[in-house]
Chemist: 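Below is the structure I would like to discuss, written out as structure tokens.
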Amino acid sequence: MIVLLCVKKMRKEGISPDATTFVCSLNACTDSGNKQEGLEFHSEIEKKGLLNKFVGNALVDMYSKYGSLLDAQNVFDSLPNRDVIAYNSLISGYAELGFRKEVFNLFDKMQHAGLFPNAITFVGILKACRSGIDPMYLAGVHAEISRKGLLGKNLYVGNALIDTYCRHGLLVEAHEVLESLPIRNVISWTALIAGYVEFGIEEKALLCFDHMELDGVSANSATFICILRACSSIGLIIKGIIIHAEIGRQGVLEKELSMSTAIVDLYVSCGLLGRAEEVFDKLQVRDLILWTTLMDGYCKQGYGNKALECFRKLQLEGFCPNAYTYVCSLNACGQQAAAAEGIQLHSKLHTKGLVQGDVFIGNALVDMYAKCGLLTKAQEVFDNLPVRDVVSWTTLISAYAEHKSGEIALSMFEKMQYEGTSPNTATYICILKACSAIGAVDKGEDIHHDLTFHGYLDSNLPICNALVNMYAKCGSLGKALDVFYQLPEPDVVSWTSLIVGYMKVGQNFSALHVFDTMNRDGTIPDPVAFLSVLTACSRTGVLDKGKEYLQLMTGEYGLKPTLKHHTCMAHLLSSTGHLDQAFSLMENIPFRPDIVFMHAILDASKKWGDSNIGRRIFEHTQNSRNLYPSEATVGIPL
DNA sequence: TTAGGGTTAG
């Protein structure tokens, strides 16, 4: 800005800018993004015939940085002699926007012209290699950089190489490059940490962060943002709070909104809504990304209503929702089964042309309709999508699997592959769920073979769990056990699937035994595991054990029982003749009992011939709403 | 006087 003011002052004093003045002015325009003034300088330069090598290069650089690649190319083509700097400027411009072919053409051309690519050229080449290239090619570029001895001398090249490897998920290679560098700075470390976070290897990201500090390199805001994201993803709230305090000490928090966004994301993702709101409310300036982050967090925590409230508020504050915001609002509508609001959003998105224009929005719409139970609408939106990706298909398959249309889910799974889309982890989990819902164990076995063939079972615990669960629910306990015993480290989901498997074939005492084995094994039970073991208790009528497990759940593990847990206990109490205790449970739990709960007691009161309890239940029912007829039974669904 | 690296919601 100061440069441009100086030039103005110069002109007032009657001094004409020369080529050097123009170079400085063009750079000032480039840095400040002052496009209009840059264009004016360009035409003045042309008029005055001041286009020398330096001015030309500054122009190429300016247009490249503006992303006006046609203009950059035109200036470049008009230069009588192009040096390495001209090539590098244009290469960087094309690389920034992902025009790989142009970058590689220029790279060849400069060498044919007898020019030697330098470190800066390779930074551009690496940027062009961020996506869409064979990793083998990247290894070749790496070899060439090493051969030229550029890695030891120039930190920029090393850092760009780390980043490029990371973007391909080649984290071992990226880490090796970092280790091999004679000097590393905060950017080298941050690039690697970002890579680990992006590919879900948060533990390694955190190790790198510690290593970096031991190396004497201080984190900056970019590093903090990455590490906060790691904490948020794996729910490492204590570490997150420590980082938050550290950021506060360094006083960098107020400067960057993106850092506050990462902190809000951390708290909301770890369920500390109060803290998230506190940080959010204190901010003087807010942007759409911050609002959307809060909305997304609310959705993930199951507060779709709060997310929709945000959606209204942010618009009142004058923000115009973008595709991300709409995706979050659609998620919230689905979660709340708010069909009316969802339909309203759909028509708005349709008017804006976003339904056809953005596959994420299309997918979110399919999901919203599915979650609202409007499967015909979901199918209709899906059919009209101009592009369908694996997420579109998986959303639809999941919709049918969830709504007891396992057969349709299976046929969609076939159609998806026929139309050339390969299933991913999420698709396989959905389709295995569909198989278990309709007892299609044969189809499940076919999928098992596919999964083995594609090597999924060696490393993918969620898929293995879905397989154990599918065999268990289909009553093929032996096959469920076969998969289970192959698992190097079964988790609570694997164990719970096995418990369900034993119950499915009526071996309820064995189910209890599995739970005890899991506990001895050191696997921490979750609410679903407790629901499964309480179901087994209620089926076998072992009241003492049931009370023991509930005590374990609330005492040792500090978990809050849900209505379903209480329903198991009510069933257990009443079926063992303790109707009074069951009734008092009903009166004392912090939930309104549903029809399943009522039936659990009513059935037993018939069995024990206690019409008095029956009457009391009936009276209680009269006072309760929400007692729709239900197909649900006591405990975990088998 | 001209070229270069990491972070920010689906």
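Throughout, protein chains are lettered first and strands after them, A, B, ... in sequence-line order, and every chain is numbered starting at 1.
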Chemist: Please confirm whether the shortest side-chain N or O distance from A:Lys300 to OP1 or OP2 of B:dA9 is below 4.0 Å.
Modeler: no

Chemist: Go through B:dA3, B:dT1, B:dG10 for me and flag the one nearest to the A:Val84 side chain.
Modeler: B:dA3

Chemist: Would you indicate what A:Asp265 reaches in the nucleic acid, counting non-hydrogen atoms under 4.0 angstrom: base, sugar-phosphate, or nothing?
Modeler: nothing

Chemist: To the nearest Å, give me how far apart CG (A:Leu330) and P (B:dA9) are.
Modeler: 19 Å

Chemist: Side-chain donor or acceptor of A:Asp296 under 3.5 Å from a matching atom on the base of B:dG10?
Modeler: no

Chemist: Return the set of residues passing ring pair (Phe, Tyr, Trp, His ring centres under 6.0 Å) with A:His350 (not counting sequence neighbours), or none when no residue passes.
Modeler: none

Chemist: Taking the six-membered ring for Trp, are A:Tyr303 and A:Tyr298 parallel (under 30°), tilted (30 to 60°) or perpendicular (over 60°)?
Modeler: perpendicular

Chemist: The criterion is ring pair (Phe, Tyr, Trp, His ring centres under 6.0 Å); which residues satisfy it with A:Phe280, sequence neighbours excluded?
Modeler: A:Trp291

Chemist: Using ring pair (Phe, Tyr, Trp, His ring centres under 6.0 Å) as the criterion, list what pairs up with A:His168, not counting sequence neighbours.
Modeler: none

Chemist: Contact class for A:Val123 vs. all strands (heavy atom < 4.0 Å): base, sugar-phosphate, or nothing?
Modeler: sugar-phosphate

Chemist: Write down the distance between CG (A:Leu115) and C1' (B:dT2), rounded to a whole number of angstrom.
Modeler: 15 Å

Chemist: Hey, does the side-chain of A:Asn118 have a donor or acceptor N/O within less than 3.5 Å of a partner on the base of B:dA3?
Modeler: yes

Chemist: Give me each pair satisfying salt bridge (charged side-chain N to carboxylate O under 4.0 Å, His left out) with a member in residues 91-108 of chain A, each pair once, sequence neighbours excluded.
Modeler: A:Glu96-A:Lys127

Chemist: For residues 203-214 of chain A, which residue pairs pass the side-chain hydrogen bond (donor to acceptor under 3.5 Å, both in side chains) check, not counting sequence neighbours?
Modeler: none

Chemist: I want to verify a distance call: between B:dG5, B:dT7, B:dA3, whose nearest atom is closest to the A:Ile85 side chain?
Modeler: B:dA3

Chemist: Among residues 93-112 of chain A, which contact DNA chain B at a heavy-atom distance under 4.0 Å?
Modeler: none

Chemist: Walk me through whether A:Phe319 and A:Phe311 qualify under ring pair (Phe, Tyr, Trp, His ring centres under 6.0 Å).
Modeler: CA-CA 10 Å; A:Phe319 289 103; A:Phe311 185 61; over 10 Å; no

Chemist: Quick one about A:Thr395 and A:Asn363 (side-chain donor to acceptor, distance below 3.5 Å, no hydrogens or angles considered), yes or no?
Modeler: no

Chemist: Heavy atoms under 4.0 Å, any strand shown: does A:Asp358 hit a base, just sugar-phosphate, or nothing?
Modeler: base

Chemist: Whole-Å distance between B:dA3 P and A:Lys127 NZ?
Modeler: 13 Å

Chemist: Check the distance between B:dA9's P and A:Phe311's CZ and give it to me in whole angstrom.
Modeler: 19 Å

Chemist: Partners of A:Phe360 by ring pair (Phe, Tyr, Trp, His ring centres under 6.0 Å), sequence neighbours excluded?
Modeler: none

Chemist: Can A:Arg82 be said to sit on top of A:Phe76's aromatic six-ring, NZ or CZ under 6.0 Å from centre and within 45° of the ring axis?
Modeler: yes

Chemist: Which residue pairs satisfy the side-chain hydrogen bond (donor to acceptor under 3.5 Å, both in side chains) criterion with at least one member in residues 155-165 of chain A, sequence neighbours excluded?
Modeler: A:Arg130-A:Asp163, A:His142-A:Tyr165, A:Asn159-A:Asn185, A:Asn159-A:Ser188, A:Asp163-A:Arg167

Chemist: Taking OP1 and OP2 of B:dT7, is either one under 4.0 Å from a side-chain nitrogen or oxygen of A:Arg167?
Modeler: yes

Chemist: Could you tell me the separation between the CG atom of A:Asp367 and the P atom of B:dG10, rounded to a whole number of Å?
Modeler: 15 Å

Chemist: Atom CD1 of A:Ile289 and atom P of B:dG10: how far apart are they, to the nearest Å?
Modeler: 11 Å

Chemist: Within the structure shown, what part of the strands sits under 4.0 Å from A:Leu155 by heavy-atom distance: base, sugar-phosphate, or nothing?
Modeler: base

Chemist: Got a sec? Which of residues 218-231 of chain A come in under 4.0 Å of DNA chain B, heavy atoms?
Modeler: A:Asn220, A:Ala222, A:Thr223, A:Ile225, A:Cys226, A:Arg229

Chemist: Does any residue of residues 38-63 of chain A have a heavy atom under 4.0 Å from DNA chain B, and if so, which ones, in number order?
Modeler: A:Phe54, A:Asn57, A:Asp61

Chemist: Sort and list the pairs that fulfil ring pair (Phe, Tyr, Trp, His ring centres under 6.0 Å) and have at least one residue in residues 40-60 of chain A, not counting sequence neighbours.
Modeler: A:Phe22-A:Phe41, A:His42-A:Tyr63

Chemist: With sequence neighbours excluded, tell me which residues meet side chain to side chain contact (heavy atoms under 4.5 Å, CB included) with A:Ala219.
Modeler: A:Phe209, A:Met212, A:Thr223, A:Phe224

Chemist: For a quick check of understanding: with a heavy-atom distance under 4.0 Å over all strands, which category does A:Ala364 fall into, base, sugar-phosphate or nothing?
Modeler: nothing

Chemist: Across the strands shown, which category fits A:Asn185 at heavy-atom distances under 4.0 angstrom: base, sugar-phosphate, nothing?
Modeler: base

Chemist: Rounded to whole angstrom units, what separation is found between the OH atom of A:Tyr165 and the P atom of B:dG5?
Modeler: 19 Å

Chemist: Contact class for A:Ser89 vs. all strands (heavy atom < 4.0 Å): base, sugar-phosphate, or nothing?
Modeler: sugar-phosphate

Chemist: Using whole Å, report how far CZ of A:Phe76 lies from P of B:dA3.
Modeler: 15 Å

Chemist: Counting any heavy atom closer than 4.0 Å, what does A:Arg184 reach on the DNA or RNA strands: base, sugar-phosphate only, or nothing?
Modeler: nothing

